[in-house]
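The next block holds one structure in the form of C-alpha cells; read it before the comments.
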Amino acid sequence: MNKEISGQITVSEEQIKKIGDVKDIDNFKKVIEDNISGDITSFVEALLIGAILLEVSDIHVEPEEEDITIRIRMDGVLHEIIKIEQEVYKRLLSRIKILSSIKLNVVDTSQDGRFTINIGKKEIETRISVLPSEYGETIVARVLDPKNLIEIEELGIRKDIKQVFEKEIKQPNGMIIVTGPTGSGKTTTLYAILKKLKNSEIKIVTIEDPIEYHLPGISQSQVNEKKGYTFASGLQAIVRQDPDVILIGEIRNLETAQIALQAALTGHLVLTTLHTNDAAGTVVRLQALGEKLTNIAPALNLAIAQRLARKVCEKCKEMKAPTSEESKKIEKEFESLPKTVKLPPITKIPTAKGCPACNNSGYSGRIGIYEFFQVDDEMENFIIASPSIADLNKKAKERGMASVRQDGFIKVIEGVTTIKEIERVTGE
C-alpha cells in the first residue's frame with residue numbers, strides 16, 4: 001500500500017495475498033490480531049483490505065474509558081472485531097487523518113475527509129468522519145465499493161409497482177424523491193435510476209455532498225461550502241447547463257427546494273432525497289421548509305420511502321409453516337393491504353438458521369422494502385387542499401399504496417426474509 005500520497009493509496013495483488021482470503025468475521029478478526037503488533041501502515045492495510053474482501057459497509061473505531069473498540073457493519077448490523085490499546089489508537093487516528101487530509105491538531109470539532117483505495121483497475125472511495133467524544137475522537141470509515149451499484153431489477157421493487165416506477169423515471173419532467181434514514185439505500189436507488197436512464201441522447205448532471213460513486217457518461221459536481229458552492233448555488237449553475245436529468249444529493253433548505261421544484265416544473269426530471277419517516281411525509285417536509293403546496297403538488301411525480309432488510313441465507317434457510325402467532329402477525333399486516341396488491345399463497349415462511357456461509361447469522365445480503373406515493377391529477381388536487389400526513393397516507397392507501405412494513409411482510413411470504421428481520425427494521 002502506497003503510504004506517500006495523501007488522499008490515495010494503492011493495493012497490490014501481493015498485499016491482498018499477504019492478508020489472505022477473508023471469508024468470515026472470525027477470519028477477519030485473526031487477520032487484525034496478526035497485524036496489530038506491526039507498524040501502523042500494515043495494520044491500516046489489513047483493516048481496509050479485510051473490510052473490502054468481507055464486503056463491509058463501514059468501520060467504526062470507538063474510544064471508551066479503558067480501551068478502544070473496533071466494529072464493522074455487515075448487512076446493516078455491527079459486529080465487534082477487536083479492542084485496541086490507546087497507543088495503537090493514537091497512531092491509527094493519525095494515519096487515517098493524514099490519508100483523509102484531515103487536520104491532525106484539531107480535536108474539539110467534527111471533521112470529514114476521504115481517500116481512494118486503488119485495487120487493480122478498481123477505485124474504492126472511503127469516506128471518513130471524525131467526531132469528538134468523551135474519551136477521544138470516534139472514527140467512522142464508510143467503504144463505497146462500486147460493486148454495490150446495482151441495476152433497478154436488483155433493488156427488490158415488487159412487480160405490481162415496478163411498472164409505475166419505470167414509467168415515472170422516464171417522464172421528461174417532475175420530481176422523484178427518495179426518503180429514509182441514513183444507511184437505508186437511498187443513494188443506491190438513485191444511482192440505479194441514473195444507470196437505467198443514462199444514454200447518449202440525454203444530459204445528466206448531479207450535485208452531491210460528496211460524490212459517492214463515479215459514473216461514466218454523467219457530469220458529477222461536488223458541494224464545497226467553504227468556497228460558497230452549495231446545493232442551491234450549484235443547482236442554479238446546473239440549470240444553465242441545459243440538463244435533461246438533475247440529481248440533487250439532498251434537499252436541506254428552502255432555497256434548494258425552491259430551485260429544485262422550479263426545475264421540475266420547467267422541463268427537467270429531478271431526482272433527490274429528503275429526510276422523512278414515510279413517503280407521504282415528503283409533502284409536509286417541503287412545506288415545513290417554507291415551500292407552497294401550489295408548487296409542491298404539480299412538481300412531485302413520485303415519493304419513495306425505503307429501508308433495507310437482510311435477506312435470509314439461501315444456503316441454510318428453512319421453509320416452515322407459520323406458527324399461529326406468526327399467522328396472526330401476517331393477517332394483521334395484510335388487513336389493510338390495498339386490493340390491487342396481489343399476494344402469493346401463504347404456505348411456508350423462511351427461518352434463519354445460520355451456517356459458515358453467512359457467518360452463522362442466518363442472513364446474507366440485503367434487499368429494499370418500499371412504499372410508493374404517486375402523485376397524479378387527483379392526488380395533486382388533494383395535496384393543494386392542505387391535508388395532514390395521516391390524511392395523505394389514507395388517500396394514498398386508498399389508491400393502492402402498500403406501506404414499507406407491508407412490503408416487508410410480502411417479502412416474508414415470498415421466502416426472501418423473515419418476520420423477525422422486518423420487525424427489527426420497522427419496529428415490532
Side-chain angles (χ1 to χ4, degrees), residues 152 155 157-180 184 186 189-190 192-194 196-197 235 244-248 250-251 254 256-306 336-341 368-404 406-407:
I152 278 178
L155 291 173
I157 297 171
R158 295 194 319 274
K159 289 179 182 178
D160 60 292
I161 55 176
K162 193 178 172 192
Q163 238 180 341
V164 171
F165 181 60
E166 295 197 334
K167 176 191 167 189
E168 293 298 347
I169 67 173
K170 290 174 183 174
Q171 294 296 325
N173 58 276
M175 182 180 283
I176 296 174
I177 300 179
V178 184
T179 76
S184 61
K186 299 187 294 296
T189 298
L190 288 178
I193 295 172
L194 291 186
K196 184 79 172 179
L197 295 177
L235 190 50
D244 299 286
V245 179
I246 303 170
L247 183 147
I248 307 163
E250 184 185 346
I251 291 179
L254 175 59
T256 308
Q258 287 175 328
I259 302 166
L261 287 165
Q262 193 59 35
L265 289 167
T266 55
H268 307 85
L269 180 64
V270 178
L271 311 173
T272 190
T273 70
L274 199 64
H275 281 287
T276 66
N277 289 325
D278 54 26
T282 56
V283 174
V284 177
R285 175 67 180 141
L286 288 170
Q287 195 178 11
L289 288 174
E291 190 48 281
K292 297 174 183 175
L293 289 173
T294 48
N295 291 331
I296 298 167
L300 186 60
N301 291 0
L302 185 67
I304 304 167
Q306 69 175 78
S336 60
L337 191 71
K339 292 178 181 178
T340 53
V341 180
I369 52 176
Y370 302 90
E371 65 184 40
F372 278 47
F373 178 84
Q374 189 183 12
V375 181
D376 55 14
D377 291 344
E378 184 181 337
M379 187 60 82
E380 182 182 327
N381 291 327
F382 189 75
I383 290 169
I384 290 171
S386 191
S388 65
I389 292 182
D391 288 338
L392 276 172
N393 263 314
K394 184 180 177 183
K395 183 73 171 176
K397 286 174 181 176
E398 286 172 1
R399 297 179 59 75
M401 183 183 81
S403 70
V404 164
Q406 287 173 327
D407 189 39

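As the structure is a computational prediction, the values presented were derived from the model and not from experiment.
- Interatomic distance, CD1 of Ile161 versus CE of Met401, reported as 10.5 Å (0.5 Å rounding).
- With rounding to the nearest 0.5 Å, the separation of CD1 in Ile176 from OG1 in Thr189 is 11.0 Å.
- Residues satisfying the salt bridge (charged side-chain N to carboxylate O under 4.0 Å, His left out) test with Asp376, not counting sequence neighbours, are Arg399.
- Not counting sequence neighbours, Gln258 has no partner by the side chain to side chain donor-acceptor pair (under 3.5 Å) test.
- With sequence neighbours left out, the side chain to side chain contact (heavy atoms under 4.5 Å, CB included) criterion links Ala279 to Ala303, Ala305, Glu371, Phe373.
- Distance check, rounded to the nearest 0.5 Å: CD of Glu380 to CG of Leu300 gives 9.5 Å.
- The salt bridge (charged side-chain N to carboxylate O under 4.0 Å, His left out) test applied to Arg285 returns no partner, not counting sequence neighbours.
- Here the CG atom belonging to Leu269 is positioned 7.0 Å from the CG atom belonging to Asn301, to the nearest 0.5 angstrom.
- Nearest heavy atom pair, residue Ile383 against residue Ala297, reads CG2-CB, 3.8 Å.
- Scanning all heavy atoms of the two residues, the minimum distance from Ile246 to Ala263 falls at CD1-CB, 4.2 Å.
- Not a single side chain to side chain donor-acceptor pair (under 3.5 Å) links Ser386 to another residue, sequence neighbours left out.
- For the pair Ala280 and Asn393, the tightest heavy-atom approach, listed with the atom from each and the gap, is CB-OD1, 3.8 Å.
- Partners of Tyr370 under the ring pair (Phe, Tyr, Trp, His ring centres under 6.0 Å) rule, at least two apart in sequence or in another chain, do not exist in this structure.
- Under the side chain to side chain contact (heavy atoms under 4.5 Å, CB included) criterion, Val341 pairs with Arg158, Asp160, Leu337, Pro338, Ala402, Ile410, sequence neighbours left out.
- Within 6.0 Å of NZ on Lys162 lie more than 12 heavy atoms contributed by other residues, nucleotides or ligands.
- Counting heavy atoms from C-beta on, the side chains of Leu302 and Gln374 come closer than 4.5 Å.
- The heavy-atom pair separating Leu235 from Ala260 by the smallest distance is CD2-N, 3.6 Å.
- Here Glu291 pairs with nothing under the salt bridge (charged side-chain N to carboxylate O under 4.0 Å, His left out) rule; sequence neighbours left out.
- Looking at Asn295, its side chain never comes within 3.5 Å of a backbone N or O of Gln262 through a donor-acceptor pair.
- Pairs passing the salt bridge (charged side-chain N to carboxylate O under 4.0 Å, His left out) check and including a residue from residues 381-398, sequence neighbours excluded, read Glu378-Lys395.
- Atoms CG and OG1, on Leu289 and Thr256 in that order, are 9.0 Å from each other to the nearest 0.5 Å.
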Open item on the list: Between Ile177 and Leu286, is the side-chain contact (heavy atoms from CB on, under 4.5 Å) condition met? List the steps.
Closed with: CA-CA 11 Å; Ile177 300 179; Leu286 288 170; 3.9 Å; yes
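- Partners of Lys196 by side chain to side chain contact (heavy atoms under 4.5 Å, CB included), not counting sequence neighbours, listed by chain and number: Ile152, Glu153, Glu166, Ile169.
- Under the ring pair (Phe, Tyr, Trp, His ring centres under 6.0 Å) criterion, Phe165 pairs with Phe372, sequence neighbours left out.
- When all heavy atoms of Leu261 and Ala299 are compared, the closest pair comes out as CD2-CB, 3.5 Å.
- Atom CG of residue Leu265 and atom CG of residue Asn173 lie 8.0 Å apart, to the nearest 0.5 angstrom.
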Which pairs of donor and acceptor atoms, one on a side chain in residues 270-277, lie under 3.5 Å apart (sequence neighbours left out)?
from	atom 1	to	atom 2	distance (Å)
Thr272	OG1	Ile248	O	2.9
Thr273	OG1	Gly249	O	2.6
Thr276	OG1	Thr179	OG1	3.4
Thr276	OG1	Asp278	O	2.9

